[in-house]
J.: 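After the structure tokens below, expect a handful of questions from me.
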Amino acid sequence: MASPHSTPGSPRTSSPLTFEEDIAQSLFSSPDDAHTTATHKESDDAWPSHLAVPNTAGASSAAEPVKHVPKGKEKATKGPLRLLDLPVDILKEIIHQLPHTNDLTSLSLCHTALHRLTIPCIYSRFDIVWPDESTHMEPRSGVDALTYGLATLVMGDECFPHQSQRYREHAAHTPSSQATTPYPIPRRRFGNYYGQFTKKFSLGNGPQAWVQEYVITKESGKMLGTLVALAIARMVNLETFVWDMPTGVLRDVWLALSSLAGRNDGDDCRLERLWIRWHDNTIDAPVPPPAPPMILNNANLPAPPNTTQPSGVGSVPPPVIVPQPFPASSVSALERVEHPTFSVIPALKSLSVLDIDELPYLDEMSILIARSQKKLRELRVGIAPHAQQRDWVTVWDGDGLQQVDYSATTTAASSIDEKRLGGVLGVLVGRIHNMRHSEESSRKASASGVQDRVVETTPLKSTISNPLPSIASLSMQDRDPEQDVDHFGNPMEDSTITEGISLFNETVPAGAEPVASPASQPATPARSRKSSDLTNVRSRAFTAESPDEPQEELLNGKLKLEVLELERIPLSVSVLRRAFDWSILSTLTLLHCSNHEQLWKVLRRTYTPRANYSGSPSSSKAYKASYTLRSDYQLNLKRIHTNTVSPSLISFLKETLAPNSLEVLFLQEGRSYSSTVTVDAIYRGPMRRHKASLKKLMIDSSEKGLDGHTTTSSRWRRWMMNREILTFITSGRMSSLRELAVSIDYKDWHHFLQRLPFIPHIRSLYIPFIADHAHGNNIDPRELAYQILDIVHLRPEIELCYMGLTHKCFEILENRPTNYDLRSDSMSGEGGTGVHGYVGHDPVTISDDESEATEDEDDDDDDGAMGHGGEETESEASDGGHEQDSDDESFLHEEHRGPKLRVREILFYEERVEAFRRRHGVLRP
């Protein structure tokens with residue numbers, strides 16, 4: 001567990017209500033009564049603190065006068081104040097400054113009052129961080145921290161209700177009755193109330209071999225889920241729940257999270273953030289047969305099978321029998337997943353769900369998103385790599401398709417198939433924004449001005465099971481920016497919409513006809529229709545067909561998100577434009593998302609400011625009438641991260657966003673999209689446009705694997721910084737830059753180091769590749785780190801702290817002289833007060849050539865000191881000798897004048913440096 005940086009407190013719960021009173025009682029004890037206080041508190045801790053001790057002394061104890069407790073100046077007059085004499089609020093602030101859990105643990109063992117103050121801070125966060133597989137040397141053994149931590153949080157005091165009655169009976173007994181029992185059981189405290197202080201519960205992802213032990217289909221996974229459910233039920237103040245392990249989440253955990261919504265103390269639910277990473281839920285093999293029954297009589301046991309490979313001329317290995325897997329369609333999707341999941345969670349502020357591979361998860365999320373419509377500000381959604389070819393992932397459009405089943409209130413009652421209108425995004429916003437309703441309203445508004453004309457038919461889907469290529473290559477003409485667009489990003493009047501066609505991943509065989517037969521089913525391709533006919537057809541999608549049927553509720557809401565991050569999701573431009581409020585969105589992340597280019601074009605045409613119309617007289621009247629004057633920038637995008645960099649994106653960043661408004665720009669290149677953008681276009685586009693506002697910049701064209709690690713490909717050279725760009729970055733014009741991640745050429749390495757003082761505000765630096773190094777591929781990252789450290793040593797105003805060089809990360813630390821450094825104390829005593837400065841990171845090393853000169857200087861120092869002590873009358877000579885001695889000894893004093901700088905190798909600090917976390921090109925917590 002990691003200690004938090006949050007002020008400890010005593011939240012209002014049903015746990016002990018005498019928290020502050022107990023602390024005050026411990027603090028008001030005088031130092032003379034320290035032994036008595038400790039003994040009293042030790043016995044107090046043996047039982048739950050909220051249990052009242054019956055008064056066995058009768059009225060005599062009540063008649064005793066209350067002892068006067070000195071405070072403030074009165075206590076100070078009796079002696080010096082000690083640590084526990086400080087007020088509780090000041091002690092809390094002191095404890096808040098301790099960053100490490102080990103320090104908090106040591107402090108909690110010093111005194112009962114300190115124990116009660118540090119416990120809320122220790123258990124406010126429960127973080128399980130797996131060690132790096134590459135750096136782990138010893139084999140894993142013993143009980144891990146996850147099991148230890150859960151065991152502590154699960155053992156609550158409410159798990160022992162019978163102990164309350166036993167305590168009262170035990171307190172009423174006389175000492176003589178206890179003596180009759182030989183070896184009596186000592187009193188002790190059963191359970192704890194630490195779960196009430198937990199605000200964040202996080203299980204991180206780790207090495208696959210270790211994490212797979214906790215899959216919910218295994219016994220250990222079931223046990224882990226049960227322990228987590230019991231612990232979550234006690235965390236009444238939980239604010240953040242993170243399950244990043246791809247093991248699956250048990251139904252019991254979901255119900256425990258749901259129970260946090262019904263608090264019995266009148267307070268609102270504290271849960272605001274939920275992060276879930278799903279596991280591979282595909283069924284590729286049949287259920288294994290049950291284990292054979294246990295054989296009690298081992299007299300006639302069969303011989304064990306051969307476990308070794310037979311060898312020899314006549315030996316033939318036994319045939320390998322591969323079991324035939326069951327078809328995936330034999331088990332419904334609802335039976336393969338835990339249910340219910342998201343539909344029972346209270347309204348959230350942040351929802352992150354990654355590696356989705358089942359449609360019921362999306363239906364459950366749509367219910368939670370609708371419940372959190374007014375509160376939700378962050379949404380992160382990712383599709384699993386093995387589920388990208390599913391029908392429900394593809395963006396579909398057609399008259400017989402729906403986003404969700406509006407007649408069903410639960411996921412189990414849904415009766416529509418996997419082909420969904422708008423794809424994944426259409427399902428997520430289905431209970432907030434019905435695309436049929438918005439399409440109908442736009443049709444009615446523009447039906448009078450639309451003329452029927454013959455248009456080309458779209459490529460149709462020949463077979464449902466054949467996924468076809470993306471339409472990202474389709475060209476989109478520069479049309480009226482105010483016109484409505486379809487899922488392609490094309491204006492609705494010119495688009496051809498067919499029944500049940502997929503808008504992504506489709507091709508047409510060479511001999512296939514582009515027109516479907518009239519007798520085709522609704523989910524099969526159909527002939528393209530005129531837009532005027534589509535208006536009449538779509539009006540029946542949400543209007544009651546008979547007077548007896550109730551009319552559907554009009555859904556035209558929008559999600560007012562501030563953060564939207566999507567991974568491996570085909571984009572529906574129509575859904576993104578209508579169901580999301582783009583004036584509020586500030587962070588946008590698109591990783592491996594198809595149809596991204598059409599999105600940037602639509603956003604550029606819709607939100608780019610335009611001056612007065614100065615078109616040619618030959619322009620159409622409809623275009624002139626729809627031309628809208630926009631003098632202000634309407635978008636609030638400040639952070640953009642994508643690995644599909646297109647020319648449309650560069651134009652969008654340069655023209656649509658206000659100058660010097662973009663703060664974070666992470667541009668990478670993924671395997672799913674080969675970018676045609678050059679590094680010079682990035683430099684002359686968004687970098688120069690937003691030079692004064694960019695705080696974090698990453699330009700990386702290296703190829704990443706599925707796990708996010710770089711491959712041996714040399715594609716990273718495409719976006720390698722040249723000298724002109726490096727000179728611009730280090731010129732001081734990018735005054736807000738804090739994090740920089742680029743690849744450079746070795747011939748520009750020293751040029752970059754020399755200009756590093758011009759960007760003293762830089763905090764972290766990540767250089768994944770250095771081209772044409774003098775040592776070839778045998779680059780020593782530590783040597784590069786020391787070269788940067790030399791620059792920081794010479795220019796102490798540089799604030800650089802973290803350096804990621806190739807595959808290693810380093811941290812620059814300061815070592816200040818301590819009171820335990822006797823040599824430092826002696827030097828500071830002889831030379832006076834030390835001046836804080838920056839010196840070398842290693843002690844001064846004197847070579848053999850300098851040893852003789854050093855001995856001569858020492859002899860001169862001794863002579864000077866004797867002369868200074870014997871000459872009392874000749875002040876001028878004395879002053880001159882003292883001044884000469886000071887000059888000679890100055891180089892020795894400089895070594896101990898201030899803190900020393902050193903480099904320490906660490907793991908990539910992804911929690912604090914965003915560039916380190918984003919370098920993998922995947923979504924991580």
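Keep in mind the model is a prediction, meaning the values are calculated, not measured.
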J.: Regarding H592 and N643, do their side chains bring together a donor and an acceptor under 3.5 Å, going by distance alone?
T.: yes
J.: Could you please spell out the steps behind the side-chain contact (heavy atoms from CB on, under 4.5 Å) verdict for L150 and L224?
T.: CA-CA 9 Å; L150 289 177; L224 172 63; 3.6 Å; yes
J.: Roughly how far apart are K375 NZ and I369 CD1, rounded to 0.5 Å?
T.: 14.5 Å
J.: Hey, is K200 close enough to E239 for a salt bridge, meaning N to O under 4.0 Å?
T.: no
J.: Between H596 and Y673, is the ring centre distance below 6.0 Å?
T.: yes
J.: Taking D244 for the side chain and L203 for the main chain, is one N or O donor matched with an acceptor at less than 3.5 Å?
T.: no
J.: Can you tell me how far OG of S350 sits from CG of L376, rounded to the nearest 0.5 angstrom?
T.: 7.5 Å
J.: Between the side chains of K558 and D581, is the shortest nitrogen-to-carboxylate-oxygen separation below 4.0 Å, so that they form an ion pair?
T.: no
J.: Aromatic rings W278 and Y361: how do their planes relate, parallel, tilted or perpendicular, breaks at 30° and 60°?
T.: parallel
J.: Report yes or no: does K218 contribute a side-chain atom to a donor-acceptor pair with the main-chain N or O of Q212 at less than 3.5 Å?
T.: yes
J.: Any heavy-atom pair between the side chains of L257 and L274 that's under 4.5 Å?
T.: yes
J.: Report the C-alpha distance between S586 and N636 in whole Å, list the side-chain angles of each, state the deciding distance to 0.1 Å, and finish with yes or no for side-chain hydrogen bond (donor to acceptor under 3.5 Å, both in side chains).
T.: CA-CA 5 Å; S586 61; N636 192 35; 5.3 Å; no
J.: Do L585 and E562 have side-chain heavy atoms sitting under 4.5 Å apart?
T.: no
J.: Please walk me through it: do D280 and H386 pass side-chain hydrogen bond (donor to acceptor under 3.5 Å, both in side chains)?
T.: CA-CA 8 Å; D280 188 354; H386 60 270; 3.0 Å; yes
J.: Do L566 and L591 have side chains that approach each other closer than 4.5 Å (heavy atoms only, starting at C-beta)?
T.: no
J.: Return the CD to OG distance between E597 and S648, rounded to the nearest 0.5 Å.
T.: 4.0 Å
J.: Does any N or O in the side chain of R371 come within less than 3.5 Å of the main-chain N or O of I345, such that one atom is a donor and the other an acceptor?
T.: yes
J.: So, R390 side chain and D357 main chain: donor-acceptor pair closer than 3.5 Å or not?
T.: yes
J.: Is there side-chain contact between R273 and K349, with heavy atoms separated by less than 4.5 Å?
T.: yes
J.: In Å and rounded to the nearest 0.5 Å, what is the CD to CD1 distance from E567 to I356?
T.: 10.5 Å
J.: Please check if any side-chain donor atom of N237 sits under 3.5 Å from a side-chain acceptor atom of R270, or the reverse.
T.: yes
J.: What closest approach, in Å, do W396 and K419 show between heavy atoms, and which atom pair accounts for it?
T.: CH2-CE, 3.5 Å
J.: Would a 4.5 Å heavy-atom cut-off, applied to side chains only, mark S372 and L351 as touching?
T.: no
J.: Measure across L590 and L571 and return the closest heavy-atom pair with its distance rounded to 0.1 Å.
T.: CD1-CD1, 4.0 Å
J.: Under 3.5 Å, is there a donor-acceptor pair between the D355 and H279 side chains?
T.: no
J.: Within the 4.5 Å heavy-atom criterion, are T642 and T589 side-chain neighbours or not?
T.: no
J.: State whether the side chain of W582 and the backbone N or O of L603 hold a donor-acceptor pair below 3.5 Å, judged by distance alone.
T.: no
J.: Indicate yes or no: at least one non-hydrogen side-chain atom of T644 is less than 4.5 angstrom from one of L649.
T.: no
J.: How far does CG of D417 sit from CG of L359, to the nearest 0.5 angstrom?
T.: 9.5 Å
J.: I need the minimum non-hydrogen distance between V211 and P246, along with the two atoms involved.
T.: CG1-CD, 3.8 Å
J.: How many angstroms lie between atom OG of S366 and atom CZ of F342, to the nearest 0.5 angstrom?
T.: 11.0 Å
J.: Would I276 and F241 count as a side-chain contact (heavy atoms from CB on, under 4.5 Å) if you check the C-alpha gap in whole Å, the side-chain angles of each, and the deciding distance to 0.1 Å?
T.: CA-CA 8 Å; I276 300 295; F241 180 81; 4.0 Å; yes
J.: Walk me through it: do E565 and E378 pass the test side-chain contact (heavy atoms from CB on, under 4.5 Å)?
T.: CA-CA 8 Å; E565 297 185 350; E378 299 178 3; over 6 Å; no
J.: Would a 4.5 Å heavy-atom cut-off, applied to side chains only, mark L561 and L564 as touching?
T.: yes
J.: Minimum heavy-atom separation for G225 and V253, please, with both atom names.
T.: O-CG2, 3.5 Å
J.: Determine whether a donor-acceptor pair (N or O, by modelled atom type, separation under 3.5 Å) exists between the side chain of Q403 and the backbone of H433.
T.: yes
J.: Work out which heavy atom in A579 is nearest to a heavy atom in V429; give both atom names and the distance.
T.: CB-CG2, 3.9 Å
J.: Would you say the side chains of S352 and R380 form a donor-acceptor pair under 3.5 Å?
T.: yes
J.: Any chance you could lay out the side-chain hydrogen bond (donor to acceptor under 3.5 Å, both in side chains) test for E364 and T411, step after step, and finish with the verdict?
T.: CA-CA 6 Å; E364 291 272 311; T411 305; 2.6 Å; yes
J.: For residues F201 and W243, establish whether the separation of their ring centroids is below 6.0 Å.
T.: no
J.: Would the distance check show the side chain of T226 and the main-chain N or O of K222 forming a donor-acceptor pair, the cut-off being under 3.5 Å?
T.: yes
J.: In terms of side-chain geometry, is the basic nitrogen of R420 or D363 positioned less than 4.0 Å from the acidic oxygen of its partner?
T.: yes
J.: Just by distance, do the side chain of R568 and the backbone of I383 share a donor-acceptor pair under 3.5 Å?
T.: yes
J.: Please check if atom CZ in R251 has more than 12 non-hydrogen atoms from other residues, nucleotides or ligands closer than 6.0 Å.
T.: no
J.: Could you walk me through whether I367 and R431 pass the side-chain contact (heavy atoms from CB on, under 4.5 Å) test, one step at a time?
T.: CA-CA 7 Å; I367 299 176; R431 300 185 183 276; 3.6 Å; yes
J.: List the atom of G557, the atom of Q373, and the distance in Å for their closest heavy-atom pair.
T.: CA-NE2, 4.0 Å
